[in-house]
Amino acid sequence: MAFSSFLVVVSLMTLLGAASELSSSSDELKNLKVTGPNLEDFVKTQSIDFRLTNNNNQRRLRAVDIPKLADDAIVPVGLDEAVNRAFQFFAEFENKRFKPILDVTLPVVESVDPASPAGLAGIKPGDIVTYLNAVKIESVTGFYFALNDRPAAEVTLKLLRNKKDAISVVMRIAGKAPINDSNVGLRFVTPLDAVYYTEQETKRQVDQYRREMLSAIPIDWRADAANNLMQNAKRLNLIARAIIDPSGANPAKIQSREVLAWQHKKYLENVEVYFSQKWKIERRSADHLTGMGDAVVALICSLFIFAIAFGLFWYQRQLPGKGA
């Protein structure tokens, strides 16, 4: 009788323990998520030299130099909006980073889109833009600033061809849409990696990201990955206000494409970590379920044994009365 009672207690305790472990695993699985990488982690892995604005002292960029975002600035947005915002921040950062170089780079045409206003106007590679309407153009940024300052459907350019022939062309676009940096169809000769991110170039990079990177992320986490990228891109853009010297000739040694490649790689790694941890928790839960099954069987058996023992005990208590 005492032994059967002991079996019942042990089986019940085993069942309750397995149930507790299963509940704990369920909570752990519920709280499991893919974490997005932070820009501080990127900085820690890089040797990035920078110079503070209006300061000649140069040093290495540290994680503590990364600007923080206010709580109300990290509210998640939809997938498409997050991707578009991220690359707008990247474009702003690159344009700030290379502005000192492009401010002194002559607007020499490198290539022309034949179907664009520039191509239809007869502009050729090698031409140097000297005037946009009545504005004298002396640099690549000067051209884009003048073009976007007063957008119109018709723009007159004065060019220097073959370094000696001054010619004038008129760029036109069908309809009432203005000619701007996204549709003008010009690309200028610039130093290595120094580019002005036009709206058209930014859209091209968005499409490339969607095609080559975002598609590699499981669909359930694409919005989270895009929001994480947006936040890192925004913080990268904020860096430019503090570390890029607009009067200097050398931009900070940090590039948005490197941040993009790093963020994508780390996010995929974190997805793999998530699935690895999820598999371990599910395997542990399966073991707990098996343990609960065994405990239930043991409890039933112990109750059965207890019932038999109790019956025998009761029967033995009745024997003296029957003998009398």
Side-chain angles (χ1 to χ4, degrees), residues 79-121 123-129 132 137-153 155 157 171 173 177-215 225-226 229-230 232-240 244 246 251-264:
L79 174 62
D80 291 339
E81 186 177 0
V83 172
N84 291 332
R85 284 190 188 180
F87 282 89
Q88 287 171 4
F89 289 135
F90 280 146
E92 290 176 10
F93 171 76
E94 293 294 350
N95 289 344
K96 293 173 185 175
R97 189 166 77 95
F98 285 112
K99 185 178 183 299
I101 293 178
L102 298 180
D103 278 348
V104 295
T105 300
L106 286 176
V108 180
V109 177
E110 180 180 56
S111 61
V112 183
D113 180 359
S116 68
L120 296 176
I123 300 175
K124 299 179 180 181
D127 288 349
I128 302 174
V129 179
L132 189 153
I137 305 300
E138 298 178 327
S139 67
V140 172
T141 51
F143 171 82
Y144 286 117
F145 287 151
L147 182 67
N148 294 323
D149 184 45
R150 294 182 180 180
V155 177
L157 293 183
M171 297 190 301
I173 191 169
I179 299 174
N180 52 45
D181 56 37
S182 66
N183 59 27
V184 65
L186 286 179
R187 180 181 289 272
F188 294 103
V189 178
T190 58
L192 183 64
D193 290 332
V195 296
Y196 180 84
Y197 277 67
T198 63
E199 182 180 345
Q200 184 178 21
E201 175 64 16
T202 302
K203 289 181 178 178
R204 186 192 68 79
Q205 291 203 356
V206 167
D207 292 339
Q208 184 178 7
Y209 171 74
R210 291 181 179 278
R211 185 174 61 254
E212 299 179 2
M213 292 186 175
L214 194 61
S215 61
L229 179 65
M230 177 188 68
N232 284 329
K234 184 172 185 178
R235 298 180 71 194
L236 181 68
N237 189 29
L238 292 175
I239 292 176
I244 293 183
K253 296 179 180 179
I254 180 172
Q255 298 182 0
S256 60
R257 64 183 182 183
E258 294 175 350
V259 174
L260 173 63
W262 168 83
Q263 189 269 354
H264 180 64

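Everything numeric in this text was worked out from a predicted model, so none of it was measured.
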* Structure fact -> Between the CZ atom in Phe188 and the CD1 atom in Ile128, the distance rounded to the nearest 0.5 Å is 10.5 Å

* **Considering all heavy atoms, the nearest Met213-His264 contact** => O-CE1, 3.0 Å

* Asked: Considering residues, nucleotides and ligands other than Arg210, do more than 12 of their heavy atoms fall under 6.0 Å from its CZ?
  -> yes

* To do: Kindly give the heavy-atom pair with the smallest separation between Thr105 and Pro191, and that separation in Å.
  => OG1-CD, 3.9 Å

* Polar side chain donor-acceptor pair, Thr141 to Asp103, under 3.5 angstrom -> yes

* **Nearest heavy-atom neighbours spanning Pro125 and Ser111** => CG-CA, 4.4 Å

* **Inter-residue atom distance Thr190.OG1 - Phe98.CZ, 0.5 Å rounding** => 8.5 Å

* Arg150 atom CZ, over 12 foreign heavy atoms within 6.0 Å -> no

* Asked: If we only count heavy atoms from C-beta on, is the Gln88 to Asn237 side-chain gap below 4.5 Å?
  -> no

* Once you round to the nearest 0.5 Å, how far does CG of Leu147 lie from CG of Asn183? -> 8.0 Å

* **Heavy-atom closest pair, residues Ala86 and Ala233** => O-CB, 3.4 Å

* Asked: Is the distance between the ring centroids of Phe93 and Phe90 less than 6.0 Å?
  -> no

* **From CA spacing to verdict: side-chain contact (heavy atoms from CB on, under 4.5 Å), Val109, Val189** => CA-CA 6 Å; Val109 177; Val189 178; over 6 Å; no

* How far does CZ of Phe143 sit from CG of Asp181, to the nearest 0.5 angstrom? -> 9.0 Å

* Asked: Is there a side-chain contact between Glu201 and Arg187, using heavy atoms and a 4.5 Å cut-off?
  -> yes

* To do: For Gln263 and Ala225, indicate whether the former's side chain and the latter's backbone hold a donor-acceptor pair under 3.5 Å.
  => yes

* Between Leu79 and Leu214, does a side-chain contact (heavy atoms from CB on, under 4.5 Å) hold up when you go through it step by step? -> CA-CA 10 Å; Leu79 174 62; Leu214 194 61; 4.0 Å; yes

* To do: Can you see which heavy atom on Val83 is nearest to which on Ala226, and at what distance?
  => CG2-CB, 3.7 Å

* Structure fact -> Minimal heavy-atom distance between Ala118 and Met171, with the atoms involved, is CA-SD, 3.7 Å

* Asked: Would you call Glu94-Arg257 a salt bridge at under 4.0 Å N-O?
  -> no

* Asked: When rounded to the nearest 0.5 angstrom, what distance separates CG in Leu238 from CD in Glu92?
  -> 9.5 Å

* Asked: In Å and rounded to the nearest 0.5 Å, what is the CD to CD distance from Glu212 to Gln205?
  -> 10.5 Å

* Check: Leu229 and Phe87 side chains under 4.5 Å, non-hydrogen atoms -> yes

* Asked: Short question: side chain of Ser116, backbone of Val184 - any donor-acceptor pair under 3.5 Å?
  -> yes

